[in-house]
Every structure is written in C-alpha cells, then in structure tokens.
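Structure first, then comments.
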Amino acid sequence: MVESNDSIPLDAEKIYLGGKEHHVRTRCGSVSVIVYGDQDKPALITYPDLALNYMSCFQGLFFCPEAASLLLHNFCIYHISPPGHELGAAEICPSTSPYSADDLADQILEVLNFFGLGAVMCMGVTAGAYILTLFAIKYRERVLGLILVSPLCRAPSWTEWFYNKVMSNLLYFYGMCGLLKEILLQRYFSKEVRGNAEVPESDIVQACRRLLDERYGSNVMRFLQAINRRPDLTSGLKRLRCRTLIFVGDSSPFHSEALYMTSKLDRRFSALVEVQACGSMVTEEQPHAMLIPMEYFFMRYGLYRPCHLSDSPRSPLSPSCISPELLSPESMGLKLKPIKTRVSLEV
C-alpha cells in the first residue's frame with residue numbers, strides 16, 4: 001500500500017495528444033489519470049470497461065469532431081484507468097493486496113481530492129459504469145450527473161459469473177491469449193463490426209485487438225475479480241439524485257442489465273437510449289448516436305456546444321430547435337426513453 005497522495009514529478013509525466021498523464025498515489029496503489037483541457041472548467045471523469053483504457057474505450061467518441069467540441073467546450077476531461085490498465089502499464093507486483101469494487105470507487109474520490117475537484121460529471125462503460133455508479137451512491141455530493149454506457153448494477157448473473165470464471169482461468173494460465181481476446185471482443189462489439197469469413201473485422205476491432213495485446217493478464221485479472229465479486233446496487237439507485245443518461249446497444253450482452261437499471265432509477269431524472277445494431281461499446285462503435293442525447297442532457301446543466309458548429313445537420317444545437325417539453329424536469333425519463341437509432345446513424 002502507498003500512503004502518500006502525491007503525483008509523480010513533472011518531468012516524469014507523459015503527454016498524450018494534448019493530454020498530460022499524472023500518476024496519483026492512493027491507498028490502493030498508483031492510478032493513471034490523463035487530463036485534457038482547461039482545468040478551470042467543470043470536470044468530466046471517464047472510467048473504461050474491463051481490459052481497456054481511455055484510448056481503447058473512448059477515443060472513438062473523442063475523435064468524433066462534434067462530440068469532442070461538445071465535451072471539450074464544456075469540460076476538462078480526466079481519463080482514469082483501472083490499476084495496471086494505462087498505456088505502457090507495468091505488471092502489478094503479485095504480492096500487492098487484491099482490491100474490491102469499493103476500493104476502486106474510493107480511489108476515484110482520492111483522485112478528485114488530489115486535483116481539488118468538487119462535484120464532477122461521470123462517464124463509464126460497463127464495468128467502469130458500475131464503478132462510477134457505486135461512487136455516485138457512496139459520495140452523492142461529488143457527482144453532478146452520470147453518463148453510463150451498457151451499465152451493470154446487479155451482482156453477476158450465473159451466465160456472467162461463468163464467463164468471468166472462464167476469463168479468469170485463461171488469464172491465470174495463458175495471459176492475454178487469442179481465445180480470451182475473442183471473448184472480450186464479443187463483450188465489446190456487435191457481430192456486424194467483428195466480421196466473419198466473408199467480411200473482415202472493422203478498423204475499430206483491429207485497433208482494440210492490438211491494444212489488448214499490451215495488457216498484462218495478471219492486471220486484467222485483478223479488475224475482473226473485483227467486478228466478479230461486486231455487490232448488488234439496486235437498493236441504492238433510488239437514493240441517487242443526479243441525472244442519469246444510459247446508452248446501450250441492442251446487441252450488447254448487457255442489454256437486459258441496462259433495461260433493468262433504467263427501471264430502478266427515478267424516471268424524473270433518468271433517460272435510456274437504445275442504439276440499434278450496436279454492441280456494448282457505443283463510444284467506439286457508434287459515437288454519433290450519443291451526440292444529440294448528450295446535448296439534451298447537458299442543456300439541463302446550462303451547457304451547450306460552440307455556435308460555429310451549429311450548422312451540423314445531425315445536431316440541432318439552438319434551443320429553439322428542441323421541444324420545450326423535452327427540457328422540462330418531468331420529461332427527463334419520458335421523452336428520451338427509449339430513442340432508437342439505426343446503423344446509418346440517422347439520429
């Protein structure tokens with residue numbers, strides 16, 4: 001365990017496409033945080049799914065010019081990686097104590113305190129969405145809103161538990177082997193982009209496959225074991241008072257979990273967006289499908305996109321283009337639930 005709560009020296013920080021990496025020491029070890037944007041702006045923190053980091057989980061969304069302009073215009077982005085999942089991560093010492101989902105949620109609090117952040121916007125994918133939901137339940141005053149992609153909130157079903165045990169055994173005996181990568185790619189992406197004998201897999205799947213090669217199996221196994229031991233959060237969902245926007249692909253293995261979670265949230269403050277012909281990682285597979293729902297969501301916070309991009313045909317930005325009923329508090333979970341989008345991204 002590391003007791004101090006300092007970042008590494010400045011000359012050891014890394015620069016990633018305009019972002020700066022900090023290693024923040026916490027009680028559960030060092031955690032990588034890559035910061036993009038003006039730190040005087042409100043904070044948006046991200047947390048990826050199993051075996052991923054910001055590059056393999058969120059680059060599709062942040063490389064989408066319209067979404068990037070919306071997010072970077074309004075927020076400073078803090079990409080948090082699970083321990084040992086950052087780019088170039090070393091293998092975690094085997095003698096290091098295992099951590100729980102609660103430990104990871106508490107680690108986020110330590111990151112916020114290190115950067116002097118108050119209440120933040122949160123965006124997470126699947127396992128990362130679970131960690132951020134747990135964080136929001138434990139520290140309600142520190143969360144402005146939740147954007148959750150294919151989220152989990154219950155303890156693992158028997159099916160998920162079995163798959164997780166298979167993955168854990170593969171990681172233990174073989175590391176990041178070919179079979180494990182195929183299981184993970186099925187978790188992330190729809191069959192349309194994974195390809196088949198006649199159709200090659202898409203560029204995003206190929207890129208994700210290459211990034212998975214960089215992960216140490218033992219590091220991934222630690223995160224997997226924490227997620228496989230996660231408690232059920234259902235009883236805590238009604239206590240949430242932050243607004244929640246949920247995205248899920250209709251081909252996601254966690255589609256039913258997202259529907260269940262939506263049914264347990266306060267309908268006045270939550271919305272569900274179902275994306276057709278898409279897997280779990282909407283951020284990578286169909287990031288344009290997230291744009292307009294996020295704009296509506298952020299308008300409740302007085303946020304908006306820069307005017308010089310307001311001529312986008314996919315993105316009506318002027319308040320006059322948006323139904324007043326949609327912006328009323330009572331409609332937050334009624335008008336947006338569900339929104340269906342097509343693979344052609346006609347949103």
Under a 3.5 Å distance rule, please check whether [X] uses its side chain to pair with a backbone N or O of [Y] as donor and acceptor.
X	Y	value
Thr283	Cys57	yes
Lys41	His73	yes
Asn219	Ile92	yes
Arg142	Gly118	yes

Going hydrophobic residue to hydrophobic residue with side-chain gaps under 4.5 angstrom, can you get from Tyr216 over to Ile227?
no
Connected via hydrophobic side-chain network under 4.5 Å: Phe247 and Leu144
yes
Can you classify the ring geometry of Phe223 versus Tyr47 as parallel (below 30°), tilted (30 to 60°) or perpendicular (above 60°)?
perpendicular
Parallel, tilted or perpendicular for Trp161 and Trp158, by the 30°/60° rule?
perpendicular
First locate atom SG of Cys242, then atom CG of Leu265, and finally report the distance between them rounded to the nearest 0.5 Å.
8.5 Å
Do Tyr188 and Asp49 have side chains that get closer than 4.5 Å, going by heavy atoms?
yes
Ion pair present between Asp213 and Lys181, side-chain N to carboxylate O less than 4.0 angstrom?
yes
Determine, for Arg209 against Glu182, whether the closest basic-nitrogen to carboxylate-oxygen distance falls under 4.0 angstrom.
yes
Walk me through whether Ser100 and Asp102 qualify under side chain to side chain donor-acceptor pair (under 3.5 Å).
CA-CA 5 Å; Ser100 65; Asp102 268 294; 5.0 Å; no
Verify the ring-centre separation between Phe75 and Phe298: is it less than 6.0 angstrom?
yes
Run the side-chain contact (heavy atoms from CB on, under 4.5 Å) test on Tyr139 and Ile108 for me, step by step, so that the C-alpha distance in whole Å, both residues' side-chain angles and the decisive distance to 0.1 Å come before the verdict.
CA-CA 10 Å; Tyr139 306 104; Ile108 292 173; over 6 Å; no
